[in-house]
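This report concerns only the one structure given below.
When reading the values below, keep in mind they use all heavy atoms of this one structure, side chains included, and skip hydrogens, waters and symmetry mates.
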Amino acid sequence: MSTHINAPEGAIAPRVILPGDPLRAKFIAETFLDSPKCYNEVRGMFGFTGTYKGVPVSVQGSGMGQPSLSIYATELYKFYNVQKIIRTGTIGSIQEDVKVRDVIVANGACSDSYLLNQRFGGLHYAPVSSFDLLNTAYTKAAELNIKVHVGTVASSDFFYDINDNWKLWQNYGVLGIEMESAELFTLAAQFKRKALSIFTVSDNILTGEKTSAEEREKTFKDMMVLALETIIKD
């Protein structure tokens with residue numbers, strides 16, 4: 001067991017899908033996994049383990065923001081020997097050609113978070129995803145006829161951006177704004193494990209188009225299937 005995950009040894013699979021929303025974790029487990037069993041309810045952050053196409057897979061909620069994700073990803077890597085984590089989440093597009101309900105696969109993540117500064121001081125670290133997971137996701141997306149955008153995202157501590165920093169990121173080709181991936185990629189590098197983020201665009205900051213909370217929880221299935229198909233491949 002760890003501080004925030006109340007799971008005994010062996011209860012968590014080496015492969016973990018990591019949505020921010022614990023209710024999305026519950027939905028993924030109950031919709032896609034065979035014989036899912038709940039191993040964690042601490043702070044309402046549900047975790048489940050089952051099998052997908054015969055391969056053990058866990059799904060664990062991580063909460064919102066890099067500090068919250070840092071807790072869960074660290075405990076999964078450090079205390080439960082998890083080898084692969086794929087974050088599945090929503091993202092706000094900041095490019096006109098990246099539409100609502102499109103799927104994004106992140107190859108790297110910018111950030112405005114002080115977490116990176118505390119680790120690296122005056123150095124500038126570039127958090128990137130694991131190439132083999134990225135390559136598998138891109139290949140699987142083509143096989144599944146899921147159109148994906150591959151590119152850089154920005155992990156911001158601001159949900160309500162008071163400084164419009166997204167405009168600067170937009171000018172440098174960043175696809176969208178989310179809140180967790182830079183920390184996930186950094187932790188994967190620290191623990192010498194693997195990580196990837198796959199998103200569904202829930203809103204477009206430029207056009208104002210957006211989806212409902214229920215849609216974000218239950219209907220972004222292309223992202224979920226792509227993450228599962230990717231994580232079970234050795």
Side-chain angles (χ1 to χ4, degrees), residues 18-20 62 64-70 73 85-142 146-190 194-211 216 220 222-223 226-227 230:
L18 196 71
S62 71
M64 295 177 67
Q66 294 184 76
S68 184
L69 176 137
S70 187
I85 293 177
I86 297 181
R87 162 164 157 67
T88 52
T90 55
I91 192 168
S93 169
I94 55 175
Q95 301 294 337
E96 289 186 5
D97 62 337
V98 182
K99 308 295 186 181
V100 169
R101 297 181 185 83
D102 283 0
V103 175
I104 292 174
V105 180
N107 60 11
C110 312
S111 184
D112 58 17
S113 177
Y114 196 64
L115 286 174
L116 286 174
N117 299 73
Q118 290 187 78
R119 282 192 181 92
F120 297 102
L123 302 177
H124 295 277
Y125 180 72
V128 296
S129 60
S130 302
F131 177 76
D132 57 345
L133 289 178
L134 175 66
N135 187 50
T136 297
Y138 187 75
T139 302
K140 285 290 182 182
I146 298 172
K147 178 186 175 182
V148 297
H149 304 270
V150 178
T152 307
V153 302
S155 304
S156 178
D157 284 350
F158 288 101
F159 185 83
Y160 299 104
D161 185 350
I162 59 175
N163 297 315
D164 286 341
N165 289 330
W166 65 269
K167 293 180 180 179
L168 181 58
W169 278 323
Q170 177 198 36
N171 290 337
Y172 283 81
V174 172
L175 299 181
I177 311 295
E178 52 93 53
M179 301 184 73
E180 290 86 15
S181 294
E183 178 67 1
L184 175 60
F185 297 165
T186 303
L187 287 170
Q190 176 186 342
K194 297 179 180 181
L196 180 67
S197 288
I198 302 175
F199 304 98
T200 302
V201 177
S202 59
D203 59 287
N204 188 298
I205 296 173
L206 298 172
T207 66
E209 185 182 4
K210 59 184 178 181
T211 56
R216 292 192 294 271
F220 293 165
D222 281 353
M223 164 186 69
L226 181 57
T230 299

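- Within a 6.0 Å radius of CD in Glu96, other residues, nucleotides and ligands contribute 12 heavy atoms or fewer.
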| field | Verdict with supporting geometry, Asp102 and His149, side-chain contact (heavy atoms from CB on, under 4.5 Å) | value | CA-CA 8 Å; Asp102 283 0; His149 304 270; 2.9 Å; yes

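- Under 3.5 Å, the side chains of Ser62 and Glu180 contain no donor-acceptor pair of N or O atoms.
- Looking only at side-chain heavy atoms (C-beta outward), Leu168 and Tyr172 come within less than 4.5 Å of each other.
- Panel note: side chain Asp161, backbone Asn163; a donor-acceptor pair is recorded below 3.5 Å.
- Of the charged side-chain nitrogens involved, at least one lies within less than 4.0 Å of a carboxylate oxygen, so that Glu183 and Arg119 count as a salt-bridged pair.
- Ser155 and Glu178 share a donor-acceptor pair across their side chains, judged by distance under 3.5 Å alone.
- No more than 12 heavy atoms of other residues, nucleotides or ligands shown are found within 6.0 angstrom of CZ on Phe131.
- Side-chain N or O atoms of Ser156 include none that pairs as donor or acceptor with a backbone N or O of Met179 at under 3.5 Å.
- For the pair Asp164 (side chain) and Lys167 (backbone), a donor-acceptor distance under 3.5 Å is absent.
- Taking 4.5 Å as the limit, some side-chain heavy atom of Val148 sits within range of a side-chain heavy atom of Leu226.
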| query | How far apart are the C-alpha atoms of Leu134 and Val150, what are their side-chain angles, what is the distance that settles it, and do they pass the side-chain contact (heavy atoms from CB on, under 4.5 Å) test? | reply | CA-CA 9 Å; Leu134 175 66; Val150 178; 4.0 Å; yes

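- Side-chain atoms of Val153 and Phe199, non-hydrogen and from C-beta on, do get closer than 4.5 Å to each other.
- Under the 3.5 Å distance criterion, the side-chain polar atoms of Ser93 are matched with a main-chain donor or acceptor of Gln95.
- Of the possible donor and acceptor atoms, none in the side chain of Ser181 sits under 3.5 Å from a partner among the backbone N and O of Ser197.
- Using a cutoff of 4.0 Å between basic side-chain nitrogens and carboxylate oxygens, Lys99 and Glu209 are not scored as salt-bridged.
- Put simply, the side chain of Ile85 does not reach to within 4.5 Å of the side chain of Lys194, judged on heavy atoms.
- Panel note: side chain Asn204, backbone Gly208; no donor-acceptor pair is recorded below 3.5 Å.
- Side-chain contact between Leu69 and Arg87: present, with at least one pair of heavy atoms (C-beta onward) separated by less than 4.5 Å.
- We find the CD1-CD distance between Ile94 and Gln170 to be 6.0 Å, quoted to the nearest 0.5 Å.
- Taking OG of Ser130 as the start and CG of Asn135 as the end, the distance is 12.0 Å to the nearest 0.5 Å.
- A donor-acceptor distance shorter than 3.5 angstrom exists from the side chain of Asp112 to the backbone of Asp157, with no hydrogens or angles considered.
- Heavy atoms of other residues, nucleotides or ligands lying less than 6.0 angstrom from CZ of Phe159 number 12 at most.
- Thr230 is listed as a side-chain neighbour of Leu133, based on a closest heavy-atom distance under 4.5 Å.
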| task | Show the numbers, then the answer: is there a side-chain contact (heavy atoms from CB on, under 4.5 Å) between Ile104 and Val98? | result | CA-CA 9 Å; Ile104 292 174; Val98 182; 3.8 Å; yes

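- In this structure, Thr88 and Leu18 have side chains that are not in contact, with every pair of non-hydrogen atoms separated by 4.5 Å or more.
- What you find for Ser129 and Ala106 is that their closest heavy atoms are OG-O, 3.1 Å.
- With contacts defined as side-chain heavy-atom distances shorter than 4.5 Å, the pair Ile91/Thr200 does not qualify.
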